[in-house]
Every structure is written in structure tokens, then in C-alpha cells.
Amino acid sequence: MEPLSSWGKKVTDYFSHQKKSLRKFQKQHHLDKQLVYVLNKSKFPTLRQLRYLPKVLNKKERQQISVLSLVIFVALIVVLVNGYFLATVSVPKSGGEYIEGLIGSPRFVNPILAQTDVDKDLTRLIFSGLLKYDKNRQLVPDLAESYEISEDQLTYTFYLKKDIFWHDGEKFDANDVVFTIASIQDPEFNSPLYRSFIGITAEKIDDNTIRFILKEPFAPFISLLTFGILPEHLWYAISPANATLTELNRAPIGTGAWKFDKFSKDRVGVIKSYTLIKNNSYYSPKPYLDKIIFKLFGDFNSAVDALKSKDVQGIAYLPKELAIDLEKYKNLNYHNLDQPQYTALFFNQNNNELLKADYIRQVIALAVDKKTIVKDIFNSEGRIANAPSLPGIIINPDIKKYDYDPQAAVALLEKNGWQMTSTTTEDGITTQMRQKKDWYLQLKLTTVDQPVNIKTAEFIKASLEQVGFSVNFDIIDKSKILQEIIKTRNYESLLFSENLGTDPDPFPFWHSSQNEYPGLNLAIFTDKNVDKLLEDARKSNNWEERKNKYLEFQRIIAEELPAISLFNATYTYPQDKIIKGFNLYSIAVPADRFSNLFEWFVKTKRVWK
């Protein structure tokens with residue numbers, strides 16, 4: 001056995017050797033570091049060096065590095081994306097199309113022949129007028145650069161914009177305006193605008209200037225000049241007698257922001273779709289959309305079904321009674337637009353002697369709850385009306401009002417000797433109504449055969465029966481209401497709506513000269529003070545003067561009560577939410593919904609702030 005001292009010496013020598021080796025390694029390591037530093041003075045490894053990293057890391061370390069790298073990468077993407085969205089803003093981008101459903105079919109896509117809503121919608125987009133209404137319902141120049149009105153309000157001079165071209169490339173000038181006015185005034189053309197331009201002279205001063213001369217002041221004249229102008233070079237050779245036969249009425253040429261592209265028909269020749277494309281030579285701001293396609297339906301139910309299935313992105317109008325069908329469709333916006341329209345119960349005192357008594361008309365006014373009509377029948381989409389008024393424009397707050405008060409109505413009847421009595425019809429049905437001597441409290445209520453009108457009429461009937469009236473219905477098909485009822489004034493009371501149009505002039509509806517057809521004074525109301533107010537108002541271009549006369553007119557109507565104003569209904573225009581940029585609150589006619597069409601868009605892009 002080896003001595004213990006010998007083992008101790010070996011151990012000592014071993015540790016001495018290890019120390020020498022460690023010092024040698026440290027010295028070599030220091031030299032290696034110096035060598036590396038000489039080759040690369042950076043304290044960070046190069047990409048070339050990093051590629052050897054996985055070889056010196058174990059599996060767990062490699063996994064940790066991978067997770068950390070992924071977290072850093074995702075965080076970097078989030079920072080960059082958020083930074084991009086913070087530094088940029090979304091704006092409309094040109095392109096895309098809009099598909100809308102219309103009820104009916106084009107017949108005269110011609111601004112001086114158009115009568116249906118479909119024709120008026122299309123002419124609004126294809127043609128331009130001297131003036132137009134902007135999205136705020138203000139008259140602004142269109143084809144005109146500017147205009148002047150003489151002090152005597154008899155001469156209107158218009159200065160036209162230069163370098164405007166028709167869709168076929170021909171230049172627009174004053175000759176086109178003079179020709180269009182002459183065509184309107186030609187009886188053979190049979191234009192619905194004919195009556196509005198009787199006695200007005202249009203003369204060309206030069207290629208860019210035209211003058212209108214009136215026989216007497218007429219403030220609403222300026223609002224008439226929004227109709228589209230026809231191209232003389234295409235229409236000059238067409239005989240007025242044949243104007244309704246030309247293909248230009250279906251494939252028109254205008255100066256508007258939209259050009260006719262094509263239409264398609266079904267097997268029997270009925271137009272089922274009508275396509276417009278953007279006019280890239282348009283003289284005003286060009287629309288973002290490239291194309292508008294109108295799909296044509298025979299009724300509102302079919303149009304609503306197409307909206308549900310996304311076959312169209314909007315429909316021209318949503319009847320109140322069909323609104324419930326779309327309640328569950330959350331992809332739609334509903335634009336409820338004010339319009340210069342009021343619905344009233346008009347009295348024809350010539351056909352019912354009872355209506356000549358002021359208190360009878362007052363009883364009817366007290367018995368009808370307007371709030372309930374607006375709330376329940378129109379789903380609160382409307383306003384109560386107390387006079388022929390225009391929401392937001394002319395409303396006299398101080399006129400006499402008849403709030404719902406059936407007890408007051410009953411008291412007024414009993415005060416004047418009307419007592420409840422029972423009567424039995426030939427069919428053996430016993431009813432109660434009020435009687436005074438040999439008179440029975442009876443009234444015939446006439447309205448148009450439309451769901452909302454019928455619901456309103458039924459509500460009025462029930463309300464009047466509660467106070468002792470016997471009410472009979474006379475429901476008239478909308479195709480016959482004009483000829484059989486309005487033209488002949490064949491009604492005792494008429495539930496009907498009147499639209500004042502672009503200018504708030506009630507003359508056509510309330511002046512005594514309009515008592516007979518084609519006038520629209522449905523109450524057959526005659527009052528010398530009202531006549532003078534309406535005559536004077538349309539002679540002044542001072543809006544404040546006109547407004548004050550209209551407020552006084554409303555006061556007289558509310559006192560005399562020749563009709564009971566019920567409500568101002570809104571115009572409901574549904575659109576898919578994919579359509580952006582709609583920005584209107586009121587319209588005068590349905591085609592006005594396109595007043596800011598150039599701002600509508602479906603595509604967007606981001607730009608730096």
C-alpha cells in the first residue's frame with residue numbers, strides 16, 4: 001500500500017496543475033476577447049454572428065427566445081398600426097355604385113314633360129337647371145353663374161357659366177334656355193309647366209346671358225327656374241306634336257352630373273332597370289360614386305322585399321304601414337325628412353249644411369286627438385299641425401288651437417240643442433247619434449284608398465262617433481280621386497294632403513280664385529282679407545314681408561276653421577348603412593333626396609392628417 005504522504009503530494013500537484021490551467025485559460029480568454037475586439041469593436045453581435053446563436057442555446061432557451069421574439073413582433077405591429085390610424089384620417093374615395101328601388105317605370109325622362117316620381121327622379125340627375133336647391137333647401141346657381149332682379153321685380157337677368165357641355169360633347173349656351181322656355185309655352189308640347197310660364201318672355205342677350213320679363217311681380221318665379229334645360233341641337237328638329245314619341249325621352253342627353261348609360265326590359269317591353277354613370281366632364285364637384293342603378297318595381301311590397309334581400313341598397317320611399325316589415329333589419333338607416341306637406345280634413349260647406357255652423361266645425365276639431373294619430377298611426381314620425389304650416393319655416397305660435405277635449409265637444413253640441421237618440425236602419429241595426437229637430441248629426445268622410453289614409457279616417461270616424469256623429473266612409477281609388485272627387489268637389493269632408501312644393505306660397509290652395517278646378521282650394525274658402533294677403537305676398541321678394549303676411553293668413557284660417565289641419569308627416573327614405581354621406585333633413589319633392597348625392601360614397605381611403 002502506498003504511503004499517505006504520497007497521496008497528499010498527488011492531490012497537491014493536481015490542484016496546482018488545475019490552477020495553472022485556469023490561469024492559462026483566463027489568459028487565453030483575455031487574448032481571445034482582445035482579438036475579437038480588434039476584429040469588431042461593437043459590443044453587440046452582428047447578424048452573421050447571431051445565426052450561430054441556436055447552436056449554443058439549449059432547447060428551453062431557444063423556446064424562450066422564440067416567444068419573446070413573437071411578443072416583440074406583435075407589439076411592434078400594434079404600435080405601427082395604432083400610430084398609422086392616429087396619424088391618418090379616413091376620407092371618401094371615388095368608385096362603387098348605388099342600387100335603388102323605384103316604384104313605376106320611366107315614361108318621359110324629360111324635365112318639361114316629367115310627371116311621375118320616377119321620371120322626376122331621373123331628370124333631376126341627368127339634367128341641370130339655371131338654379132337648384134342645395135342640401136340646406138337654399139336656392140343656389142347651377143347652370144347660371146349669377147343673376148339680378150330689377151327694382152320693379154319684373155326683369156330677371158341670368159349670367160350663364162361658360163364651358164359647359166352636353167353629354168354628347170356639344171356646348172351649352174343661352175339658345176338652349178330660350179328653346180326650352182319656348183317649348184314649355186307651346187301648347188302642342190303639353191308640358192305640365194305650361195301654366196307657370198304663361199305671359200313670361202325669355203330673350204337671349206348673348207351666348208351667356210338671358211333675360212326673363214314678367215308682366216307683374218311674382219316672388220315665387222325664381223323657384224320655378226330649377227327645371228332642367230333641354231339641348232336645342234337635338235330637340236329642334238322634333239315636332240312638338242311628336243315630342244312624346246322620341247327615344248330621347250328614354251335615352252336623354254343632359255348637362256347633369258349623371259349620364260344615361262342603358263336600360264333593360266322584360267319580355268313584354270317594360271323597363272325593369274335604368275343605369276346612370278358619372279359624367280366626368282361635369283362642371284361642378286363630381287360625385288364619388290361611379291354608377292347608379294335603379295331597379296323598377298310594380299309596388300312597394302316588392303321593393304321592400306328587394307331591400308330585405310339586399311337586391312337593392314335603398315328604396316325611394318317607405319310607406320308608414322310597411323315600416324314594421326323592416327324592424328329586424330339592422331343594416332338600414334332611416335332618413336325621416338321634413339317636407340312642406342300637411343294633411344287636413346277639408347270641409348265642403350256647399351255639400352253639407354251642418355258644416356256652415358262654426359260650432360260644428362269646432363266640435364270636430366275638439367273631438368279628434370292629433371297626438372294619438374301622430375304617435376300610433378305614424379309611429380311619432382311627424383308633427384301636429386294647427387294650421388297650413390311648414391315645419392321649421394312658417395309657423396304662427398299664437399294662432400287659435402283646438403286641443404283634444406271630447407267633453408268640451410259634447411258640451412258645445414248640447415248647448416246648441418243636439419241630443420242623443422237611437423235610430424234603426426233598414427237592416428235592423430240600431431245606432432246612436434245626435435238629433436236636433438228634424439236634423440241628424442251626419443257626415444260623409446272621403447279619402448284616398450291608401451292604408452295610412454284609411455287608418456287615419458277610421459280613427460277620425462271613431463272619434464266623431466264618440467261625441468254623437470254618424471259618419472259614413474267614401475274610400476276612393478287613388479287613380480280616380482282627381483277626376484271623380486277633387487275636380488268636381490264631390491265630398492262633404494275630405495281627408496287629403498297638400499304639398500306646397502319648393503316655394504311656401506299657399507296661393508294655389510287658399511285663394512278664392514282657386515275654388516274651382518284646376519285650382520286646389522279644397523275647402524272652397526273665400527275671404528277677402530286672405531285673398532289680399534296672398535296676392536300681396538307673392539308680389540314681394542322681401543322674405544320678411546312675405547312671412548308676416550303668411551303668419552296673418554294662418555291666424556285667419558285657424559279662426560275661420562274651413563279645414564282642420566292634422567299633422568305634417570315626414571318622408572321616410574331607407575338606405576343600407578354601406579351608403580355613407582347622406583346629409584339632408586328636409587325635402588320639397590321626392591327627387592330632392594338627391595340634393596347632396598355628390599357627397600355619397602361607399603369606398604374610403606386613409607390620408608395623413
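No hydrogens, no waters, no symmetry mates; every other heavy atom, side chains included, goes into these values.
- Salt-bridge annotation for Lys135 and Glu599: present, with a side-chain N of the basic residue lying under 4.0 Å from a carboxylate O of the acidic one.
- Every residue two or more places apart in sequence or in another chain that forms a salt bridge (charged side-chain N to carboxylate O under 4.0 Å, His left out) with Glu203 is listed here: Arg211.
- Aromatic rings of Phe346 and Phe525 (six-membered ring for Trp) have centroids beyond the 6.0 Å cut-off, not under it.
- With salt bridges taken as basic N to acidic carboxylate O contacts below 4.0 Å, none links Asp261 and Lys291.
- A salt bridge is absent between Arg538 and Glu216: the closest approach of a Lys/Arg side-chain nitrogen to an acidic carboxylate oxygen does not fall below 4.0 angstrom.
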task: Check step by step if salt bridge (charged side-chain N to carboxylate O under 4.0 Å, His left out) holds for Glu516 and Lys487.
output: CA-CA 8 Å; Glu516 296 181 1; Lys487 186 174 183 179; over 6 Å; no
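- Taking the six-membered ring for Trp and the full ring otherwise, Tyr317 and Tyr571 have centroids separated by under 6.0 Å.
- Exactly one of Lys278, Lys259, Lys603 qualifies for a salt bridge (Lys or Arg N to Asp or Glu O under 4.0 Å) with Asp290. That residue is Lys278.
- Salt-bridge annotation for Asp592 and Arg137: present, with a side-chain N of the basic residue lying under 4.0 Å from a carboxylate O of the acidic one.
- With ring centers used as reference points, Tyr573 lies under 6.0 Å from Phe582.
- How far CZ of Arg107 is from CD1 of Ile271: 12.0 Å, rounded to the nearest 0.5 Å.
- Aromatic ring centroids of Phe378 and Phe567 lie under 6.0 Å apart.
- How far OG1 of Thr456 is from CG of Asp376: 11.0 Å, rounded to the nearest 0.5 Å.
- Within the 4.5 Å cutoff, no side-chain heavy atoms of Leu276 are placed close to those of Ile293.
- Ring pair Tyr288/Trp600: centre-to-centre distance not below 6.0 Å.
- A salt bridge links Arg593 to Asp121: one of the charged nitrogens lies within less than 4.0 Å of a carboxylate oxygen.
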